[in-house]
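After the structure tokens below, expect a handful of questions from me.
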2 protein chains.
Amino acid sequence: MATIKDVSKLAGVSVATVSRYLNKNGYVSKEAELAIAEVIEKLNYRPNTIARSLAGKKTATVGLMVPDILNPFFPELARAIEDAANTYGYTVMLCNTDNDPAKEQRYIETLLHKQVDGIIISSYTIQPGHLSGLQKAGIPVVLLDNVFSSDSVVSLTVENKRGGELAAEHLLELGCRKIAHICGPLSITSSRDRTAGFEAVSAGTDWFTPSLIGYSDFTVSGGYRTMKKLLADHPDLDGVFASNDLMAAGALKALSEAGRCVPEDVKVIGFDGIGLEMLSPELSTIAQPIYELGKTAMDVLVALIGKETGIETDQVFPVTLTAKQSTVG
Amino acid sequence: MATIKDVSKLAGVSVATVSRYLNKNGYVSKEAELAIAEVIEKLNYRPNTIARSLAGKKTATVGLMVPDILNPFFPELARAIEDAANTYGYTVMLCNTDNDPAKEQRYIETLLHKQVDGIIISSYTIQPGHLSGLQKAGIPVVLLDNVFSSDSVVSLTVENKRGGELAAEHLLELGCRKIAHICGPLSITSSRDRTAGFEAVSAGTDWFTPSLIGYSDFTVSGGYRTMKKLLADHPDLDGVFASNDLMAAGALKALSEAGRCVPEDVKVIGFDGIGLEMLSPELSTIAQPIYELGKTAMDVLVALIGKETGIETDQVFPVTLTAKQSTVG
DNA sequence: AAGTTATGTGTAACCGATTACACATAGTTT
DNA sequence: AAACTATGTGTAATCGGTTACACATAACTT
């Protein structure tokens, strides 16, 4: 593989001039430019990224840490981030953390020593203290769905509480008079907020009782089990709001097995807006702008890497009601 | 961040000795060892991966190219590969190619210049010629689901044809007497093989006719549309084999909308074995050992990177029938 | 006792880029 | 005409490691 030296020799200039040409900084004469361009073409020369990183301190690589790429929410996010990264000339390193703080720490260390230019973290378990190594090294971080303000850490979230309200309101408007709620892990802020939104709307109604809230874990099987229990306790329920789409899908399955028709007997709405087009009936949901979240995360990260100032440290994105067959038939 | 020089100075030895200590090659005395270990601990020193790569030609990074991480097959693969990579101390760069040869080429170039140690490619469109740059640079490649023998390129596939046979046999054994087939893109070898397996079993029967085969595209909506058409042409069909699980899920949806009960009226089986636990009824499938495929891909890649010899260039993995509600109730 | 072999260490070249600095020349100001 | 400024280029240090090679000493061989 050709090096910058080969190019400089063949083009009859110094490596400095070639480097200036490549990076478009400093002066380079028209003649030199042409000569270099020609040689580069001829040798099919591409600068060695590793050497460039060592000298220039930039790797054009970002880390993406997600709990588990198997959860369909994260491929959507990853895809958006990868697309955006691509347009900026960045490459993405994928890290599955399993929400295991030890694994998270190991990956942060690894990414730190691989000198990624920035990191996007989606994690329920991360704590401000875990990021101190990155802060010290001046590596920018964008946090998804986990807010803790701090310099050089930007957080992106959605209107989780408003989403919970929207879901409850939607079911009420459709005539539901006994709405159950499958809530996610209480350790997760956004999960708590969604439930809070639901409660804000339901708590005042005559049908509401705390046992209509079933606690679950954001998985399909968890939603399935919790739905079964709710059905046993409240056979007359006519609406269900699950704090994420996977649990909602599990609820649909439990309802179908129990012989309930959706949406005729029971209306179901989820949260997230992941593309679960295989479901029948199709799932109504409170959709997050997942692609936009991912893209913005990357945009912001690139801005931080470029030491731009005036970046909002906390951005909250709107959610939108997407009514499908599971509520409106 | 501390460098090897800092360590060598504080420990009172040369950088060479520290390097030998770090890489466990060459001789290092007990005293030196202890002194170095102590200093490393004290400075919390970690070797700079970039510098190490530049000098040592190894980046401990591998590229993973997949068509689209949004297709649930690929997160499963990615997860397996990432887990395996992790145990070897490798990091994974994720690339979505969209089966676009130009994008593929760009990514190969990028990975080449980022000097990844190896690449795992899952692609329907890749051609032997596209890999010549990698071959020339001596970067090992493992190909998934796309066979073309060549040195330093290992291919991993599954018994696609046998899977098609298994699916057809399974439906026949369950009493189906008119089985439709939703086949995938004919441009994809494994897709053709699955269909060939189905045909091998069905072609001899009295009910078989070519119009029972519907052509589709490996997506949920494609499976849905094709199922509708098949139902219109053959209202009396009582079994469906789809060449992948996504199309099978689409078929289930179409059947449900058409008022057909699965598996009572129609039995459905897919192919792949991706975890579609949200479906009701749960989907029977011809399962590929996806996790094992991914893990093996990484194992083989590491072996190739280590210049091990005697690696089988073509490995074919078995498939297994997983009977669930969509065929056996 | 001389010749090997094993052990241990340091110097300096090298990987392939970037960039500070020195220097030269041409074009503008005063 | 002297003094600047803008343009253009090359030398060499630097990034932070690895490793070939030279050299020294200790431990075995015969």
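Below, chain A is the first sequence line, B the second, and so on; all start at residue 1.
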Worksheet item: Taking the side chain of A:I4 as heavy atoms from C-beta outward, which of D:dG17, C:dT18, D:dT11 is closest to it?
Response: C:dT18
Worksheet item: Just how far, in rounded Å, is P of D:dT14 from NZ of A:K58?
Response: 21 Å
Worksheet item: Where the side chain of A:L54 is concerned, which of C:dT11, C:dG16, D:dG8 is the nearest nucleotide?
Response: C:dG16
Worksheet item: Does B:K30 come within less than 4.0 Å of B:E33, counting only side-chain N to carboxylate O?
Response: yes
Fill in: Atom pair distance, as rounded to whole Å: CD1 in B:I50 and C1' in D:dT14
16 Å
Worksheet item: How long is the line joining CZ of A:R20 and P of D:dT7, in whole Å?
Response: 14 Å
Worksheet, complete the sentence: Here the gap from B:L112 atom CG to A:M1 atom CE, rounded to the nearest 0.5 Å, amounts to 5.0 Å
Worksheet item: Does any donor atom in the side chain of B:D145 or B:Y124 lie under 3.5 Å from an acceptor atom in the other side chain?
Response: no
Worksheet item: Just how far, in rounded Å, is C1' of C:dC15 from CZ of A:R52?
Response: 16 Å
Practice prompt. Look at all strands and tell whether A:Y45 reaches a base, only sugar-phosphate, or nothing, counting heavy atoms closer than 4.0 Å.
Written response: sugar-phosphate
Worksheet item: Base, sugar-phosphate, or nothing: which does B:T3 touch, judged by heavy atoms less than 4.0 Å apart?
Response: sugar-phosphate
Worksheet item: So which nucleotide from D:dT19, C:dG8, D:dG16 ends up closest to the side chain of B:Y27?
Response: C:dG8
Practice prompt. Tell me which nucleotide among D:dT9, C:dT18, D:dA20 gets nearest to the side chain of A:A32.
Written response: D:dT9
Worksheet item: When we call it a touch if two heavy atoms are under 4.0 Å apart, what does B:S29 touch: a base, just sugar-phosphate, or nothing?
Response: sugar-phosphate
Discussion item. Go nucleotide by nucleotide along DNA chain C from the 5' end; which of B:K30 and B:V15 gets its closest nucleotide reached first?
Written reply: B:K30
Fill in: Salt-bridge present (A:K295, A:D83; N to O < 4.0 Å)
no
Worksheet entry | Euclidean distance, atom CD of residue B:E31 to atom P of D:dA26 [Å, nearest integer] | 12 Å
Discussion item. Using the side-chain heavy atoms of B:N48, tell me which of these nucleotides is nearest: D:dG17, D:dG10, C:dT11.
Written reply: D:dG17
Worksheet item: To the nearest angstrom, how far is A:N23 atom CG from C:dA17 atom C1'?
Response: 9 Å
Worksheet item: Between the main-chain N or O of A:T3 and the side-chain N or O of A:D6, is there a donor-acceptor pair closer than 3.5 Å?
Response: yes
Worksheet, complete the sentence: DNA chain C nearest-nucleotide lookup for A:A16 and B:G26: closer to the 5′ end is B:G26
Worksheet item: Where the side chain of A:T17 is concerned, which of D:dG10, C:dG16, D:dT18 is the nearest nucleotide?
Response: D:dG10
Fill in: Separation of D:dG17 P from B:R46 CZ (nearest whole Å)
12 Å
Worksheet item: Taking atom C1' of C:dG8 as reference, at what distance in whole Å does atom CG of B:N25 sit?
Response: 13 Å
